[in-house]
Amino acid sequence: MAPCAAGAAITWGRFLCDSPPENISRYPVPNKKDLPFDMVELMEEVESKGGFLPNVFKVLAHRPAEFRAFFSYYNELMNKETGGLTKADRELIVVATSIHNRCLYCVVSHSALHRVYSKKLTLADQVIVNYEKAELTPRERAMLDFALAVCRSDTITDQHFLSLEEAGFHREDAWDIAAIAAFFAMSNRLAHLTDLRPNKEFYNMGRLPRDNTKGKGHVGGG
């Protein structure tokens, strides 16, 4: 790739300008200088808050219009402040459905985010192995039962909604659970297509004390 532009000192800028230390995609990772300003601004904000830039941002930048649509919908589903799902709930749905779809990137990255939001260091690991044996609350189990039914394309019946209602969920929560399962079914398959690889930072996130010198927020997994 071409040499870095002057002043491009952040990690992501170095990554895009130098030869990548590892292969994160089957498709070319664009050079920062070739990307639209709004995408660069979002990526720099994410990296500033989290201390690193998740590889999903780099890989999906290959198609800017789809990048914008993907992260717009991602934010609507995963960062909304309304509804009965917590951020930890949303991440656990992604973990459970992504392991069904055998998506390494989403399992690793969203397990990390679940640890951060829930403060439960082992629950996502248990769900990865077998969610039916995991130490879930009845509410979490009903949520994942429904998410997996959507993920598997089971026929959804009134009984599914009744089970959710008995666990304390509303109909709009059912939509959220299903939408997250559906969206990440697409994300999982894009990760398979591109051979998207997780950042090494995700593996210890939420397990070890956070280095506050690297940022003040948490990054999205994608």
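All heavy atoms count here, side chains included; hydrogens, waters and symmetry mates do not. Counting begins at 1 with the first residue of the sequence.
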Check your understanding: Going through the distances and angles, do Lys58 and Leu53 end up as a side-chain contact (heavy atoms from CB on, under 4.5 Å)?
Key -> CA-CA 8 Å; Lys58 306 168 190 174; Leu53 184 67; 3.9 Å; yes
Check your understanding: What do the steps show when you test Lys87 against Glu91 for salt bridge (Lys or Arg N to Asp or Glu O under 4.0 Å), and what is the final call?
Key -> CA-CA 6 Å; Lys87 286 191 174 183; Glu91 300 299 339; over 6 Å; no
Point to revise | salt bridge (Lys or Arg N to Asp or Glu O under 4.0 Å) assessment of Arg141 paired with Glu135 | key: CA-CA 9 Å; Arg141 191 170 301 281; Glu135 296 172 331; over 6 Å; no
Exercise for review: Begin from the C-alpha positions of Ser187 and Cys103 and carry the test side-chain contact (heavy atoms from CB on, under 4.5 Å) through to its verdict.
Suggested key: CA-CA 9 Å; Ser187 179; Cys103 179; over 6 Å; no
Point to revise | Candidate pair Leu196 and Leu190, rule side-chain contact (heavy atoms from CB on, under 4.5 Å), full reasoning | key: CA-CA 8 Å; Leu196 175 58; Leu190 283 175; over 6 Å; no
Practice item. List the steps, then state whether side-chain contact (heavy atoms from CB on, under 4.5 Å) holds for Arg90 with Asp176. Key: CA-CA 9 Å; Arg90 296 171 195 275; Asp176 286 341; 4.2 Å; yes
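Around atom CZ of Arg63, no more than 12 heavy atoms belonging to other residues, nucleotides or ligands sit under 6.0 Å away. Counted within 6.0 Å of CG on Asn130, heavy atoms from surrounding residues, nucleotides or ligands total more than 12; the atom is thus considered enclosed. Residue-environment remark: NE2 (His192) exceeds the threshold of 12 foreign heavy atoms within 6.0 Å.
Taking the six-membered ring where the residue is Trp, Tyr74 and His110 present tilted rings, their angle falling between 30° and 60°.
Between the side chains of Tyr27 and Asp195, no donor N or O sits under 3.5 Å from an acceptor N or O. Thr86 and Asp89 form a side-chain donor-acceptor contact under 3.5 Å, judged by distance and modelled atom types alone.
Taking the six-membered ring for Trp and the full ring otherwise, the centers of Phe169 and Phe146 sit at least 6.0 Å from each other. Remark: aromatic rings of Phe67 and His62 are distant, center separation not under 6.0 Å.
Each of Val108, Val107, Val56 was scored for a side-chain contact (heavy atoms from CB on, under 4.5 Å) with Pro198, with one residue passing: Val108.
Considering only heavy atoms from C-beta on, Phe184 comes within 4.5 Å of Met78 through its side chain.
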